[in-house]
**Q** 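What follows is a single structure, and I will ask about it in a moment.
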Amino acid sequence: MRRYNRGVTETPQTDETRYNFRDIEERWLPVWRETQPFRSSDPTDERPTKYVLDMFPYPSGDLHMGHAEAYALGDVIARYWVQRGFNVLHPIGWDSFGLPAENAAINRGLDPRGWTEDNIAQQRASMERYACSFDWDRVLATHRPEYYHWNQWLFTRMHEKGLAYRKHSAVNWCPKDQTVLANEQVVAGLCERCDTPVTKKKLNQWYFKITDYADRLLDDLQELEGTWPSKVIAMQRNWIGRSEGADVQFRIEGRDEPIDIYTTRPDTLHGATFMVVAADSDLAAELVQGADADVKQAFDAYVEEVRAASDIDRLATDRPKTGVFLNRYATNPVNGERLPIWASDYVLADYGHGAVMAVPAHDQRDLDFARAMDLPVRVVLDVRDEDGKPVEDPATSGVAATGDGTVINSGDLDGLSKADAISAISADLEDKGLGKSARNYRLRDWLISRQRYWGTPIPIVHCDDCGEVRVPDEQLPIELPPAEGLDLKPKGSSPLGAATEWVNTECPDCGKPAKRDTDTMDTFVDSSWYYLRYLNPQKTDGPFDPEDTKKWAPIDQYVGGVTHAILHLLYSRFFTKALNDMGLVDFNEPFTALLNQGMVQMEGSAMSKSRGNVVRLGEQLDEFGVDSVRLTMVFAGPPEDDIDWADVSPGASAKFLARAWRLARDVTSEPGVDPSTGDAALRASTHKTMHECAELAEGFRFNVVVARTMELVNVTRKAIDSGAGPADPAVREAAEAVAVLLSLVAPYCAEDMWSMLGHENVARGGWLDVDESLLVEDTVTCVVQIKGKVRERLEVPPSIGEDELREMALAAPRVVRALDGAEIRTVIVRAPKVVNIVPA
RNA sequence: GCCCCCGUAGCCCAAUCGGCAGAGGCAGCCGACUUAAAAUCGGUUCAGUGCGGGUUCAAGUCCCGCCGGGGGCACCA
């Protein structure tokens, strides 16, 4: 006897009567390869359209458990809409530029192209086996020139609009990968990829001006409310971090121009006792010019110290405040007071104006600094605690009074509330030309330069005479030079610099010798617009076709992990808005709805080689079959929840599929038989199940869809064995419904059932046309409560009237006995489900 | 420190508008079939919903306060 798996053991019977997932997979995979049931590009297709998109993978070779969950869920959604009669665009591709290929090339001496293409081929085969309902005619891979050609084209459009620019500034630098990183790629001071502490480096780098779109990126989140996870919306709001306040002018003694500071608390202007400028700002460097030698020296030493500190040190919130007095003074515009100017690293050079007014009484950071440097603290807001008592003086307590209160020690403003003081002082400053309302954002511009080989070359030529020149469209794509002969090892400058022949070119404007830009683009550029390229992946005269964009975009349903909640989704939203402004698309948000699937874990923690708890997808598929693994993923719980593989049972899934499969095997009626003569109770179950499952599927509650399918399988089994019998038309109807429901999750099993039932192509089997009359119950159980406790159940017609039901309930013998003659205060009737009697 | 989400049986999870706490599954137990086992089929035990208040005729569901878990942001003025 051959052992199949834990749950299903083969008996010496023929394959026609036993569920055998291996045979079934072997039977149908070649058929699907041939028939391509999910082609979406037929121009004569009249079905309404839907665009369902899974986040594309990095081509890492085989699929793993995480992919298996993500693609199972996206697949259920896509297949559901196909069953509902839509022409569903469900494409897949590869996010194939990036460090792993380059590192593999370095470590194993392989060509990144070959390595990448091999992995893609392997991963594609895995996806086909996994029965993903992709349209294989639309495959794309971002490392191919046919794709990155349009990255370059889009870059030049951005450059034209001033949305791509170069600036010299301190950037995040990973000393291990020897590359700059975007803010988004620095997690808690560590390189997202290799966990190396990130340092700062001053470099001339390319940026996309995403901050121009900060307000729209923030405000438009409103449109996504309800269709995006609230968590992701919150994270994006957080990341953009808009703050509303005022810019206020301070004169500086010995400087012609006044400087602006940004504050959210103009009400506390009278409480400013000093000013702080960012130690690494140009302003600090300027102010220290002309100071005494010892001040200069102290400042230089301090700046050096700050520069050496890693981000991790910087991020430690309990770090003591440090700084240097610059021996310069500012004038407080509201009271003419002389404020000493300090430099410190707790003020950020690239936020606001890199300088703040310090109000130690009402700002914890300023208070910490004041206490460290022995600077004065002046309370200008009377803040009370819960009991109405004034809070302790911050100077002695060390706790800044950040709450609401009444203004004091502020001249004319005294007695105003915090809010009133803010408007009063803002208006006053504006009148005098000393201030204006202002907004600031946590969001910074998107740094896209990478000093690596395996990415899209930036289509700019540097010419001594003409400067930065965009490569004209007809010269695109600028293809990567062959990796052969280039040293790809990270060394702080792009490996492309060594490709002499490639670098040396002529200026597109003046024709003189010039050099190509040697940086490559962040791979997040690739994924910012890939969803549009799927519409015309082979198009050679543009990135996408406006007609097809109108037909398919934006995406109806996006599916992917929450790991991309900020990075990819924010960039993609930015790109879409920029494209909208350029008139290239007519919508403003790329992803109408978003579903985040959870992660697959093992025994309470993420799978990792170091923990030794990795579950291999391939082994699971071999042991339990594709359908069982998919079913297990979907049934485990709500899609957004993490799955612990130790808590679920693919063996049980296999058992259930076998049970479902046997229904089709047992049906003896002919295809096309009229179901209306069949067993009424079973028909009611079938129609009710299909009705409910539609609603459940549209709410992404696929685990419940599976549970309802199990229920239907159970009642159908019962009907075959001890009820209507296998020849009843209602049994056929039920078995066909089960096959259609299962086609969403377990396509091989469903296809085999469908074939046994005498049909072809279950994916297009079609949702049951639900007969509403079958959904109406003959009787419902009405619960009679006395003071909320159930005392009686009555079988009543669903249409029963309130009065009639009240009579019935009050007359029921058990109710009469329970009431025992007690006087009745109220009777609440909610026909036909509940009656609640409240005695006096 | 600020913000978001989640706590229902031994376990994973259900429970439209507030209306019988249980749909489905895992594990367990009992039984049928069998020489026996597997497979299959049938049956069945198990919580009062993290804790404390409140609103209501009625609260898992709504409100307030805690506790526990997960996640995001964090020297952003």
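Every chain is numbered from 1, with letters handed out A, B, ... down the list of sequences.
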**Q** Which whole-number value in Å describes the distance from Glu695(A) CD to C17(B) P?
**A**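 For the pair Glu695(A) CD and C17(B) P, the rounded distance is 11 Å.
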**Q** Do Glu225(A) and Arg237(A) pass the salt bridge (charged side-chain N to carboxylate O under 4.0 Å, His left out) test, and can you show the C-alpha distance, the side-chain angles, and the key distance before you say yes or no?
**A** CA-CA 12 Å; Glu225(A) 212 97 49; Arg237(A) 287 211 169 103; 3.5 Å; yes
**Q** Just call it for Val783(A): base, sugar-phosphate, or nothing, with non-hydrogen atoms closer than 4.0 Å on any strand.
**A**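 Result for Val783(A) = base.
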**Q** Nearest to the Val356(A) side chain among C75(B), A77(B), U40(B), which nucleotide is it?
**A** A77(B)
**Q** If we take the P atom in both G70(B) and A37(B), what is their distance in whole Å?
**A** 46 Å
**Q** Using the P atom on both, measure U44(B) against G72(B) and round to a whole Å.
**A** 46 Å
**Q** With rounding to the closest Å, how many angstrom separate the C1' atoms on G31(B) and C12(B)?
**A**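 After rounding to an integer number of Å, I get 27 Å for this pair.
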**Q** Strictly by Watson-Crick or wobble contacts shorter than 3.5 Å, is anything paired with A14(B), and which nucleotide is it?
**A**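 Result: none.
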**Q** Roughly how far apart, to the nearest Å, are G24(B) and G43(B) at atom P?
**A** 11 Å
**Q** Between C4(B), G24(B), A77(B), which nucleotide has the shortest distance from any of its atoms to the side chain of Tyr351(A)?
**A**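 The answer is A77(B), which lies nearest to the side chain.
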**Q** Once you apply a heavy-atom cut-off of 4.0 Å, does Thr709(A) come out as touching a base, just sugar-phosphate, or nothing?
**A**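 Counting heavy atoms under 4.0 Å across all strands, no contact is made by Thr709(A).
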**Q** Could you tell me the Watson-Crick or G-U partner of C73(B), where both distances fall under 3.5 Å? Say none if there is no partner.
**A**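 With both distances under 3.5 Å, C73(B) matches G1(B).
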**Q** Return the nucleotide paired to U40(B): Watson-Crick means purine N1 to pyrimidine N3 with N6-O4 or O6-N4, wobble means G-U with N1-O2 and O6-N3, both under 3.5 Å.
**A**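 Because both required distances fall under 3.5 Å, U40(B) counts as paired with A32(B).
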**Q** Find the partner of A9(B): check Watson-Crick (N1-N3 plus N6-O4 or O6-N4) and G-U wobble (N1-O2, O6-N3) distances, both under 3.5 Å, and reply none if neither fits.
**A** none
**Q** Heavy atoms only, 4.0 Å cut-off, all strands: where does Gln364(A) land among base, sugar-phosphate and nothing?
**A**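 It contacts nothing in the nucleic acid.
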**Q** Any donor-acceptor pair under 3.5 Å between the side chain of Asn238(A) and the base of C73(B)?
**A**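 Between C73(B) and Asn238(A), which were checked side chain against base, a qualifying N/O pair under 3.5 Å is absent.
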**Q** For C4(B), does the glycosidic angle fall within 90° of 0 (syn) or outside that (anti)?
**A** anti
**Q** What interatomic distance, in whole Å, is found between P of C64(B) and the corresponding atom of C3(B)?
**A**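 Rounded to whole Å, the distance is 13 Å.
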**Q** Is the Lys NZ or Arg CZ of Lys321(A) less than 6.0 Å from the centre of Tyr346(A)'s six-membered ring, within 45° of the axis?
**A** yes
**Q** Do any side-chain atoms of residues 702-714 of chain A form donor-acceptor pairs under 3.5 angstrom with protein atoms, and if so which ones, sequence neighbours left out?
**A**
from, atom 1, to, atom 2, distance (Å)
Arg708(A), NE, Glu692(A), OE1, 2.8
Arg708(A), NH1, Glu711(A), OE1, 3.3
Thr709(A), OG1, Val705(A), O, 2.7
Asn714(A), OD1, Arg659(A), NE, 3.3
Asn714(A), OD1, Arg659(A), NH2, 2.1

**Q** Rounded to whole angstrom units, what separation is found between the CG atom of Asp642(A) and the C1' atom of G69(B)?
**A** 12 Å
**Q** Determine the contact category for Thr826(A): base if any of its heavy atoms lies under 4.0 Å from a base atom, sugar-phosphate if only primed atoms, P, OP1 or OP2 are that close, otherwise nothing.
**A** nothing
**Q** Does any nucleotide pair with C66(B) by Watson-Crick or G-U wobble geometry, both distances under 3.5 Å, and what is it?
**A**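 G50(B) is the nucleotide pairing with C66(B).
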**Q** Would you say Tyr346(A) places a side-chain N or O within less than 4.0 Å of OP1 or OP2 belonging to A77(B)?
**A** no
**Q** Please name the nucleotide paired to U61(B) by Watson-Crick or G-U wobble geometry with both distances under 3.5 Å, or report none.
**A**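 Pairing partner, where one exists within any strand: none, as none qualifies.
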**Q** Whole angstroms only, please: what is the CZ-C1' distance between Arg442(A) and C3(B)?
**A**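 The answer, rounded to whole Å, is 13 Å.
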**Q** Looking only at the side chain of Thr264(A) (C-beta and beyond, no hydrogens), which of the listed nucleotides A74(B), G72(B), A77(B) gets closest?
**A**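 The answer is A77(B), which lies nearest to the side chain.
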**Q** Let me confirm one number: the CG-CD1 distance from Leu221(A) to Ile240(A), rounded to the nearest 0.5 Å.
**A**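 So the CG of Leu221(A) and the CD1 of Ile240(A) are separated by 5.5 Å.
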**Q** Mind telling me if G48(B) is syn or anti? Syn here is a glycosidic angle within 90° of 0.
**A**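 The base of G48(B) is oriented syn (glycosidic angle within 90° of 0).
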**Q** I'd like to know if the side chain of Asp445(A) reaches the main chain of Ile210(A), judged simply by a donor and an acceptor atom lying under 3.5 Å from each other, with no hydrogens or angles considered.
**A** yes
**Q** Using heavy atoms to find the nearest nucleotide of RNA chain B for Phe635(A) and Glu244(A) separately, return the residue whose nucleotide is more 5′.
**A** Phe635(A)
**Q** Side chain of Met710(A): nearest nucleotide among G24(B), C73(B), C4(B)?
**A**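 Shortest atom-to-atom distance from the side chain points to G24(B).
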**Q** Just compare C57(B), C4(B), G43(B) and give me whichever is closest to any side-chain atom of Arg830(A).
**A** C57(B)
**Q** Check this for me: does any side-chain nitrogen of one of Glu244(A) and Arg242(A) sit under 4.0 Å from a carboxylate oxygen of the other?
**A**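 Looking at Glu244(A) and Arg242(A), the cut-off is met.
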**Q** If we call it a pair only when both distances are under 3.5 Å in a Watson-Crick or G-U wobble match, what pairs with A23(B)?
**A**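 Pairing partner, where one exists within any strand: none, as none qualifies.
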**Q** Under 4.0 Å, counting only non-hydrogen atoms across every strand here, what does Pro638(A) touch: a base, just sugar-phosphate, or nothing?
**A**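 Since only primed, P, OP1 and OP2 atoms lie under 4.0 Å of Pro638(A), the category is sugar-phosphate.
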**Q** Categorize Asp721(A) for me: base, sugar-phosphate, or nothing, with a 4.0 angstrom heavy-atom threshold over every strand shown.
**A**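 Answer is nothing: Asp721(A) stays at 4.0 Å or more from every strand.
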**Q** Taking atom C1' in both G10(B) and C17(B), compute the distance separating them and give it to the nearest angstrom.
**A**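 G10(B) and C17(B) have their C1' atoms separated by 34 Å.
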**Q** Counting only side-chain N and O atoms of Arg659(A), is one of them less than 4.0 Å from OP1 or OP2 of C41(B)?
**A**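 Yes, such a contact exists.
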**Q** Keeping the roles fixed (side chain from Ser628(A), backbone from Gly625(A)), state whether a donor-acceptor pair exists under 3.5 Å.
**A**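 Answer holds: no.
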**Q** On RNA chain B, nearest-nucleotide positions of Asp363(A) versus Ile828(A): which is more 5'?
**A** Ile828(A)
**Q** So, does the side chain of Gln785(A) form a donor-acceptor pair with the base of G19(B) at under 3.5 Å?
**A** yes
**Q** Between C51(B) and U8(B), how far is it from one P atom to the other, in whole Å?
**A** 10 Å
**Q** Determine the Euclidean distance between corresponding P atoms of U49(B) and C62(B); express it in Å to zero decimal places.
**A** 15 Å
**Q** Under 4.0 Å, heavy atoms only, any strand: does Asp366(A) hit a base, just the sugar-phosphate, or nothing?
**A** nothing
**Q** Just to be sure I understand the rule, does Val834(A) reach a base, reach only the sugar-phosphate, or reach nothing, if contact means heavy atoms closer than 4.0 Å?
**A**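 Base contact.
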**Q** Hey, does the side chain of Ser243(A) come within less than 4.0 Å of A77(B)'s phosphate (OP1/OP2), counting only N and O?
**A**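 Yes, because at least one side-chain N or O of Ser243(A) sits under 4.0 Å from OP1 or OP2 of A77(B).
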**Q** Look at Arg265(A) together with Asp363(A) and state whether they make a salt bridge at an N to O cut-off of under 4.0 Å.
**A**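 Judged by the 4.0 Å cut-off on N to carboxylate O distance, Arg265(A) and Asp363(A) do not form a salt bridge.
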**Q** Do the charged groups of Arg630(A) and Asp627(A) touch, with an N to O distance under 4.0 Å?
**A**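 Judged by the 4.0 Å cut-off on N to carboxylate O distance, Arg630(A) and Asp627(A) do not form a salt bridge.
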**Q** Within less than 4.0 Å of OP1 or OP2 of U56(B), is there a side-chain N or O belonging to Asn836(A)?
**A** no
**Q** Without decimals, in angstroms, what is the distance between Asp641(A) CG and G69(B) P?
**A**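 It works out to 18 Å between those atoms.
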